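The block underneath contains the structure these notes are about, expressed in structure tokens.
So that the names make sense, note that chain A is the first sequence line, chain B the second, and so on, each numbered from 1. In this text the structure is predicted, and so the values were computed from the model without any measurement.
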Amino acid sequence: MARILITSAIPYINGIKHLGNLVGSQLPADLFARYNRARGHEVMFICATDEHGTPAELAAAKAGKPVAEYCAEMHEVQAEIAKGFRLSFDHFGRSSSQRNHALTQHFAGRLADAGLIREVEEQQVYSVDDGRFLPDRYIEGTCPNCGYDSARGDQCDNCTKQLDPTDLINPHSTISGSTNLEVRTTKHLYLRQRSLRDKLEAWIDSKKDWPILTTSIAKKWLNDGDGLQDRGITRDLHWGIPVKKGDQIWPGMEGKVFYVWFDAPIEYIACTAEWADAQGLPDAAWQRWWRTDMGASDVTYYQFMGKDNVPFHTLSFPATILGSGEPWKLVDYLKSFNYLNYDGGQFSTSRGRGVFMDQALSILPSDYWRWWLLSHAPESADSEFTWENFQVSVNKDLADVLGNLVSRVTKFCVSKFGNTVPSAGEMGEQEARLIEELGQRIKDYAACMEAMEVRKASAELRAIWVIGNEYLQAAAPWSVVKTDPERAQAMIRLSLNLIRVYAILSAPFIPDAAATMMAAIGSDDWTWPDDIAGAMTALPAGHAFSVPENLFRKITDEERADWQQKFAGIRS
RNA sequence: GGCGAGGUAGCUCAGUUGGUUAGAGCACACGACUCAUAAUCGUGGGGUCGAGAGUUCAAGUCUCUCUCUCGCCA
């Protein structure tokens, strides 16, 4: 039994995420967590909401609520939706937790002690009317290069020239529209990533089995231009983790908070502590997942994220860990995903384009979405959601291939032999072949799952479902029953057992349907079918079962057309 | 502009270290079956692997040039 630590990139607090966000981190992480639990491994699966930063403050202001209250509410909303998608986090925490405050301050203190923090005085734009410093992208004005009148403080969208906010002509705050801006001097802390560059590169180079997507992004940041740059880790904001050196005041940094990207990954660790607190367990319970000197040396740590998160997880966060000089667990395998596009373009949160998690669940149960998203996960390249493809995949794979198989077996048995597992008849050559092929297929499936080859795993699972239909078609118990009812009983006995095995194998992808199958078959034995021959005879003769409602319904053309239009534009 | 990832059957995608007639699912056509959610199973048609040049006995797979798409540029 292995010990497996899994973290999903933590979703930002301001609003509900779309399906592209889901498939890039939380969902594949959940698949992997469920699979490893099914194999009997000890799993810790962690996710949280990322709550700090200017966008959260602004969203709260827009909602007319104090930011802490807003975040608490949105956390509950996201937690509910995560449950709706059956995301099986051991804990869904909050980056604003006291645990994260303490741990973030602790890391900053360690980094300072190691000489890895430097203080920098810089000029930043302060909005008098907003009463706050403005991040570059919240300042707009006329581009000095091309005259475009909505250039942002960091870049002109028209001529793409990189800008400093102070370059802009007639700058104004995009928060209030105020032009009452002034440049003020402020002091910030920088993490000296440059001095850790070689150490980070050696660490990245040691990861031979990481996806190219992951290592190429990391390499780029290590080597591009002047190489890895030091990074500001503090901000002049109110909402965030106060800058402290451990539990001590940091002179000159009063009133400032850590930058959201500094504290967010630390929440992975803090969240595990939150889990221990919630379980009423001592610190040792979470430390044995994270501290190699406290029992975590046998833990394998997997991270899941979209490609936009890779730099922070391959460089900034490891810099924090390595720089601390303490034996914290570094990631062992980083699985990154490309983007999911929506019907010929991008998902857009601001324009309400595409399907958001809450809307998806209001249309269809989570299994439908889980199946499509995972079987089309953007692993090797960006992939695309279209309603036609979604409809076809769901109807064919789930309803026709799997759902119908369960129907035909259970209904046939009830009509011919009653609602218990029939006892007569012997297995023949066809059954032996089925079992043999199944055994091989399950090995292939498991190999894909262990390699986190999500698409391939889904294809293998589908192939496993198809085997059942192939067998039935060839064995044709509906014909055999007329001349040799005992043979037909043996066939159906095997087929009923097959449904239980399919429930186990399918559960990581479609947990609800799997539970329905298992319940219908009247079993609660989720043991992974390593011994396939044994698993295929697990249900004793006379064991009662029931015919489940149809596992999956089909998506009609009308629904498809309706949804296509509904989600094309502005969110209502 | 720089960097990165891609351009393989109508559609969505696989194609390991270069090696026999380029694969899967869907869609399409035909056939079988009738237990089942008009479901299932089988067979078949369909691709000059973005364009060109090069290396090689041999290239979708390596090199160069060009072209198109997408992303990133703190």
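Within the 4.5 Å cutoff, no side-chain heavy atoms of A:Glu267 are placed close to those of A:Asp50.
By the criterion of a centre-to-centre distance under 5.5 Å and near-parallel planes under 30°, the ring of A:Phe412 forms no stack with the base of B:rC35.
No contact: A:Lys416 has no heavy atom under 4.0 Å from any strand. Counting any heavy atom pair closer than 4.0 Å across all strands shown, A:Asn550 reaches a base atom. Contact annotation for A:Leu551: base contact, defined as any heavy-atom pair under 4.0 Å involving a base atom. Nucleic acid contact class of A:Val409 (heavy atoms, under 4.0 Å, all strands): none. Using a 4.0 Å heavy-atom criterion, one finds that A:Arg231 contacts the bases of the nucleic acid, with or without backbone contacts as well.
The separation of B:rU61 from B:rG1, taken at their C1' atoms, amounts to 31 Å, rounded to a whole angstrom. Distance check on atom P: B:rG46 versus B:rA9 gives 15 Å, rounded to whole Å. Annotation: B:rC13 and B:rG6 have their P atoms spaced 13 Å apart (nearest Å).
A salt bridge links A:Glu429 with A:Arg433: the distance from a Lys NZ or Arg NE/NH1/NH2 to an Asp or Glu carboxylate oxygen falls below 4.0 Å. The pair A:Glu559-A:Lys554 does not count as a salt bridge, with every side-chain nitrogen at least 4.0 angstrom from each carboxylate oxygen.
With 3.5 Å as the limit, one finds a donor-acceptor pair spanning the side chains of A:Trp372 and A:Asn389.
If you check B:rC73 for Watson-Crick or wobble pairing at under 3.5 angstrom, you find it paired to B:rG1. Summarising the base pairing, B:rC62 is matched to B:rG54 through a Watson-Crick or G-U wobble pair whose two defining distances lie under 3.5 Å.
Interface remark: the A:Asn404 side chain does not form any donor-acceptor pair with the B:rA39 base, using a distance-only criterion of under 3.5 Å.
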